[in-house]
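Chain letters run A, B, ... following the sequence lines, proteins first and then strands; every chain starts at 1.
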Amino acid sequence: MEYFLELSSSGLVRGSIYALIALGYTMVYGIIQLINFAHGEIYMIGAFVALIVSGVLTIYGFSGVSILILAALIAAIYAAAYGYTLEKIAYRPLRNAPRLSPLISAIGMSLFLQNYVLLAQTPDFLRFPALIPDFEFMEPIAHIMGSAELVILVTSAISMVGLTVLIKYTRIGKAMRATQQDMVMARLVGVNVDNVISVTFIIGSVLAAIGGVLVGSYIGQINFYIGFMAGVKAFTAAVLGGIGNVPGAVLGALVLGLTEAYAAGYISSAYEDVFAFGVLVLILILRPSGLLGKAVKQKV
Amino acid sequence: MPETNNTLLEVKNLTMDFGGLRAVDAVSLSVSAGEIVALIGPNGAGKTTFFNCVTGIYKPTKGDVLVHPPEKKSQKINGFKSNRVTTIGMARTFQNIRLFQNMTVLENVMIGRHCRTTTNIVGAILRGKKTKRQERETVERSYELLEKVGLVDDADEFAKNLPYGAQRRLEIARAMATDPFLLLLDEPAAGMNPQETKDLDELIVRIRDTEKIAILLIEHDMKLVMNISDRIYVMEYGKEIAQGAPMDIRNNPKVIEAYLGEETDA
């Protein structure tokens, strides 16, 4: 039983990281039907910025939680700038092009950003300091869930609730929903759709950067390639939950994370990806539009 | 009615080509403050294309679209994006209803206020005084508009659950929420029964009289058009074939021919 709980906790942690990244995929897809393959790279860049910032702050004598918060904040701002620019230069000019063109552009940006970090930083794995401190009150259950896990779960949960509130109740959230439902009409009632799309990219990038900081601190090392696998997994999660659907992305991510954790724990860690993608195939066969996705009626 | 100095919209020789097809051919039209102007013509005459050119969905091939907003300086708006056209003060509805189906009635109207409010994402997170005041004003103004079109009781209903006639009125309320000086209505009476058409007829006149919004409408329901329009433009095969007061249009042989076919001596 304890082993099961341990696996569940690690599965939830993985799942919530996937969810933070998957939300960016699913929001962008919901609004402009684009699969932003460069999204994983934003997450990776977020982790790198956090590493650099935490290094600098350590030299200046900061410690513990203050480093974590400042690093996350600066990483988020940096990633937001990347997300915004990415949309502006790689996707906006192709807004009215055939759907394949922005997709290719996305893959190109993904490769570009990977190699840019590879050249600007290093191809090697870098050690990432453990920024999340050990809380005393977690001591009794540390073998099941440590402080780092707790912080990751809580941070992700807060981010997701915040996003839900933003989409549901705010002015910009309404504009996002309107744009998602009918972009032409949204423009006609005076919504600046270009700004809405920029904001969507910024929000997605901020969430991904938060994920990057948390993972770096949790796993303890990063390199230029971590964005690729995380991106693929998060994309899988988004599809699993029904792409374009925000709660679906979270659900899909948690299902994926738990599946991987159980597969790794009960069978072998060599098989975790097999099971992860196996679940994807199974769900797509049984429910082609994903767990919470609605079958799309083709607009004529 | 001659052109006066309170012209709001002035379209000059507007032409729109789709490849080799000339959908709109050198059409000129103007709307002045306080007017209800109708644009009529057989199916495929290019009326909706004309609307699309004026509201920034298409960029016209040739010609000018000039707006003279009251108390602001005139602008040429060819090729402006739709959201800018709406911000300047021209709002429209569609022939087929295009509400945000999965949002509530109230939210649909609130979206129309979007371009008149300024809270950005930072404001939304911090929720300062100004944000709260703006949100309250948006809600109040939206309820006011729903009151005017008789939909207050359905405010929390999803737009898709409204009956057809009510959806039409909601579209008009949403367009009015953008504070326009000119409202472009594309077949507002399409698919309505006679009673609904009569209510709509009154609503349009009321909007013009009490809200001081001029109206340009495309309509096939001749009774409605003849009842409420001050002036009528007639299009056929992309060209403007007549314009004038309802009585003149009714007796214009060219118009009768366009609608009923050529008269032959038998």
Side-chain angles (χ1 to χ4, degrees), chain A residues 27 30-31 73 76-77 80 83-84 92 95-96 158-159 161-207 244-247 294 296-297 299-300, chain B residues 51-52 55-58 80-94 96-104 106-125 127 131 134-135 138-139 142 159-160 171 173-180 184 186:
Chain A
M27 280 169 31
I31 284 197
L73 198 66
I77 292 169
Y84 174 81
R92 188 168 297 183
R95 189 76 56 73
N96 297 317
I158 292 172
S159 310
V161 171
L163 180 68
T164 312
V165 170
L166 183 89
I167 292 178
K168 202 151 171 63
Y169 296 110
T170 64
R171 172 176 176 274
I172 185 76
K174 279 194 200 71
M176 285 167 76
R177 281 184 287 148
T179 306
Q180 172 169 21
Q181 286 178 39
D182 189 337
M183 197 184 288
V184 173
M185 199 61 232
R187 257 193 211 288
L188 276 168
V189 294
V191 174
N192 189 332
V193 169
D194 295 328
N195 283 356
V196 171
I197 292 171
S198 290
V199 169
T200 308
F201 271 86
I202 288 172
I203 295 173
S205 302
V206 166
L207 294 176
N245 182 310
V246 169
K294 290 194 192 84
V296 179
K297 273 183 245 146
K299 281 184 204 158
V300 195
Chain B
F51 262 35
N52 286 345
T55 51
I57 293 179
Y58 299 147
F80 275 27
K81 284 186 173 160
S82 319
N83 52 313
R84 274 187 77 188
V85 175
T86 306
T87 308
I88 287 169
M90 298 203 299
R92 76 172 282 185
T93 65
F94 273 91
N96 45 345
I97 292 176
R98 285 180 85 159
L99 290 167
F100 302 114
Q101 302 284 349
N102 294 320
M103 294 169 89
T104 66
L106 182 66
E107 282 177 333
N108 265 280
V109 182
M110 285 170 74
I111 272 288
R113 295 300 299 160
H114 192 91
C115 64
R116 302 293 171 211
T117 48
T118 53
T119 317
N120 57 19
I121 184 160
V122 180
I125 292 169
R127 298 190 57 78
T131 308
Q134 233 174 33
E135 270 176 22
T138 302
V139 173
S142 303
K160 62 183 169 194
E171 271 207 313
R174 183 180 62 181
M176 281 164 66
T178 64
D179 287 345
L184 294 95
D186 192 348

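- Of all the listed residues (B:Thr178, B:Thr138, B:Asn102), the one sharing the greatest number of non-hydrogen pairs under 4.5 Å with chain A is B:Asn102.
- Side-chain contact check for A:Ser198 and A:Arg92: at least one donor-acceptor pair (N or O, by modelled atom type) lies under 3.5 Å.
- Contact annotation for A:Asn195: neither backbone nor side-chain heavy atoms come within less than 4.5 Å of a heavy atom of chain B.
- Residue A:Val189 comes nearest to B:Cys115 through the heavy atom pair O-SG, 4.3 Å, listed as atom of the first residue, atom of the second, then distance.
- Listed options B:Leu99, B:Ile111, B:Ile88, B:Thr93 were ranked by heavy-atom pairs under 4.5 angstrom with chain A; first place goes to B:Ile111.
- Among residues two or more places apart in sequence or in another chain, the side-chain hydrogen bond (donor to acceptor under 3.5 Å, both in side chains) test is passed with A:Lys168 by none.
- Pairs engaging residues 161-184 of chain A under the ring-ring contact (aromatic ring centres under 6.0 Å, His included) rule: none recorded [sequence neighbours left out].
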